[in-house]
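Chain A is the first sequence line, chain B the second, and so forth, proteins listed ahead of strands; every chain is numbered from 1.
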2 protein chains.
Amino acid sequence: MPMTPSPSPHRDIPAATVSRLPTYLRALHSAAAQGVTTVSSGQLATAAGVLPTQLRKDLSHLGSHGVRGVGYDVARLIVEITSALGLGRDWPVAIVGMGNLGRALTAYSGFGTEGFHVVAVLDRDPALVGERVAGLTVRHIDELPTLVAELGIAIGVLATPADGAQAAADALVAAGIEAILTFAPAALALPPGVSLRRVDLATELHVLAFLRHGGAGIGASVSDLAKVGVAG
Amino acid sequence: MPMTPSPSPHRDIPAATVSRLPTYLRALHSAAAQGVTTVSSGQLATAAGVLPTQLRKDLSHLGSHGVRGVGYDVARLIVEITSALGLGRDWPVAIVGMGNLGRALTAYSGFGTEGFHVVAVLDRDPALVGERVAGLTVRHIDELPTLVAELGIAIGVLATPADGAQAAADALVAAGIEAILTFAPAALALPPGVSLRRVDLATELHVLAFLRHGGAGIGASVSDLAKVGVAG
DNA sequence: CAGACTTTGTGCAACGCTTCACAAACCCCT
DNA sequence: AGGGGTTTGTGAAGCGTTGCACAAAGTCTG
């Protein structure tokens with residue numbers, strides 16, 4: 001079963017590195033807000049909860065150059081990571097599924113940073129269409145193609161129940177969206193080229209249960225499953 | 001920096017396997033609900049979005065024995081995975097932080113399966129204490145030790161803003177909770193032995209942005225960063 | 001200006017996970 | 001009972017990630 005091919009031929013950044021860059025970026029913004037202009041890999045690493053060598057290797061993939069004996073320039077590193085992640089522009093987001101989770105995500109402030117903006121909220125239930133959620137009017141899922149065209153929506157968030165997730169994903173894809181973040185506990189069939197990230201709340205709880213209980217006589221010295229925070 | 005030691009000496013199950021078991025379990029429950037009594041690794045694998053060999057290797061770590069030429073007994077496999085994950089009991093959950101996200105998680109049905117029950121919701125803001133959320137009364141964070149003792153709370157969910165996350169985590173740990181699921185975008189310092197799982201919504205969006213944009217001339221043929229769903 | 005100190009950047013080894021290839025085991029049909 | 005077909009279980013290879021060790025490069029002090 002083939003994996004997603006590269007959408008465009010680029011320099012290679014390991015997946016594990018990419019998933020850590022947002023954390024670094026957040027720590028850098030925090031440092032900048034406090035007036036810090038230079039950070040060492042050790043400082044930034046503890047703020048992000050990783051090892052200094054890991055941080056330096058990660059940054060080396062960006063072609064980033066700190067100054068030996070000094071550290072990294074905060075402002076410059078912010079620019080470089082922002083650029084590497086593609087955050088130098090607006091990313092209009094549509095959220096499909098206006099249940100409890102969808103409403104909360106719409107209002108969640110964490111979705112309103114770094115150029116991400118929820119610009120449309122949709123549901124398939126006509127009874128919900130027209131309601132206001134966090135300043136937006138709920139639209140019907142059939143309006144999605146129009147909204148994508150008008151608002152330049154690039155990312156779709158699925159907050160539907162599992163049984164409606166595939167239909168909603170199909171609607172997103174049909175409307176031209178190629179990046180989906182789903183909270184629905186279901187396997188989605190998508191055409192090649194569509195990026196998918198999954199957040200599974202139930203799975204997280206199950207893993208925690210495993211780490212506590214270890215199962216009936218079964219357990220693990222699990223390596224990075226349970227990450228203990230690093231002292232700051 | 002040492003990693004989390006094994007809480008108790010058990011058989012070794014790879015971390016990656018543990019994180020997939022809940023998905024298998026869900027697919028098995030779905031199959032059982034449809035009256036299916038036997039599944040092959042291929043059927044179960046496609047339902048879960050993984051490769052058949054991956055599924056078989058995962059199950060082999062449970063000491064599970066399917067029947068060659070036939071497949072796996074659905075009911076038995078449910079029992080084995082449930083047991084391995086430690087889901088054969090109640091897992092009372094407390095949610096700290098009754099903002100938008102906390103309220104939604106409290107009402108989210110996905111948190112109400114497999115023995116997980118939200119039995120307490122808390123906040124540090126006195127103005128919120130006493131309000132009703134999804135049938136529960138919001139308690140003050142100071143009441144946590146009492147509630148843990150009375151209700152047997154085993155898992156804490158952090159839905160606070162980043163700046164209050166460490167204090168809330170400290171409160172959970174002080175109350176005796178050793179398993180934490182956090183949605184706060186912050187690195188947490190925790191004592192050894194406390195299990196932590198992190199869900200970072202902003203990071204997921206950032207990764208999707210990277211997969212679309214690829215950064216300013218930087219991108220990746222990322223392996224498993226973007227998983228395309230498998231046809232079911 | 002030289003030497004000590006600090007911090008980055010990176011080759012390399014160790015580790016864990018994924019995937020392949022194939023033998024072992026089981027059912028069913030004749 | 002025997003043979004063909006199917007499916008599991010697993011050794012082993014391939015791959016990516018992590019962590020270490022150390023050289024390179026810069027600052028600072030006397």
Rounded to whole Å, please give me the gap between [atom1] in [X] and [atom2] in [N].
X      : N       : atom1 : atom2 : result
L59(B) : dT8(D)  : CG    : C1'   : 10 Å
L44(B) : dG9(D)  : CG    : P     : 12 Å
I13(A) : dG16(D) : CD1   : P     : 15 Å
R20(A) : dG19(D) : CZ    : C1'   : 12 Å
L62(B) : dG9(D)  : CG    : C1'   : 13 Å
L55(A) : dG9(C)  : CG    : P     : 10 Å
Y72(A) : dG26(D) : OH    : P     : 14 Å
Y24(A) : dT8(C)  : OH    : P     : 13 Å

Testing the basics here: between [X] and [Y], what is the closest heavy-atom pair and its distance to 0.1 Å?
X       : Y       : answer
L51(A)  : A45(A)  : C-CB, 3.7 Å
A27(A)  : A47(A)  : CB-CB, 4.1 Å
D90(B)  : H117(B) : OD2-CD2, 3.7 Å
H213(B) : G86(A)  : CD2-CA, 3.3 Å
V93(A)  : I153(A) : C-CG2, 4.3 Å

N/O to N/O distances under 3.5 Å, protein versus nucleotides 24-30 of chain C:
from: dA24(C); atom 1: N3; to: R68(B); atom 2: NH1; distance (Å): 2.8
from: dC26(C); atom 1: O4'; to: R68(B); atom 2: O; distance (Å): 3.4

Item checked: Any donor-acceptor N or O pair under 3.5 Å, side chains D170(B), Q166(B) -> yes

Next item on the list: Scan residues 29-42 of chain A against DNA chain C and write down, sorted by residue number, each residue with any heavy atom closer than 4.0 Å; if none is found, say none.
Entry: S40(A), S41(A)

Margin query: Between H65(A) and Y72(A), is the ring pair (Phe, Tyr, Trp, His ring centres under 6.0 Å) condition met? List the steps.
Written below: CA-CA 8 Å; H65(A) 287 281; Y72(A) 299 89; 9.8 Å; no

Note to self: Using a distance-only criterion (donor-acceptor N/O pair, under 3.5 Å, no hydrogens), is the base of dG9(C) paired with the side chain of K57(A)?
What the structure shows: no

Notebook entry, point to check: For the side chain of A15(B), counting heavy atoms from C-beta on, which of dT8(D), dC17(C), dG9(C) is nearest?
Noted result: dC17(C)

Item checked: Distance below 4.0 Å between R56(B) side-chain N/O and dG9(D) OP1 or OP2 -> no

Margin query: I need the full list of side chain to side chain donor-acceptor pair (under 3.5 Å) pairs touching residues 173-187 of chain A, with sequence neighbours left out, sorted by first then second residue.
Written below: E178(A)-R212(B)

Checklist line | R26(A) vs D200(B), salt bridge (Lys or Arg N to Asp or Glu O under 4.0 Å): CA-CA, chis, key distance, verdict | finding: CA-CA 12 Å; R26(A) 193 153 43 218; D200(B) 191 331; 2.3 Å; yes

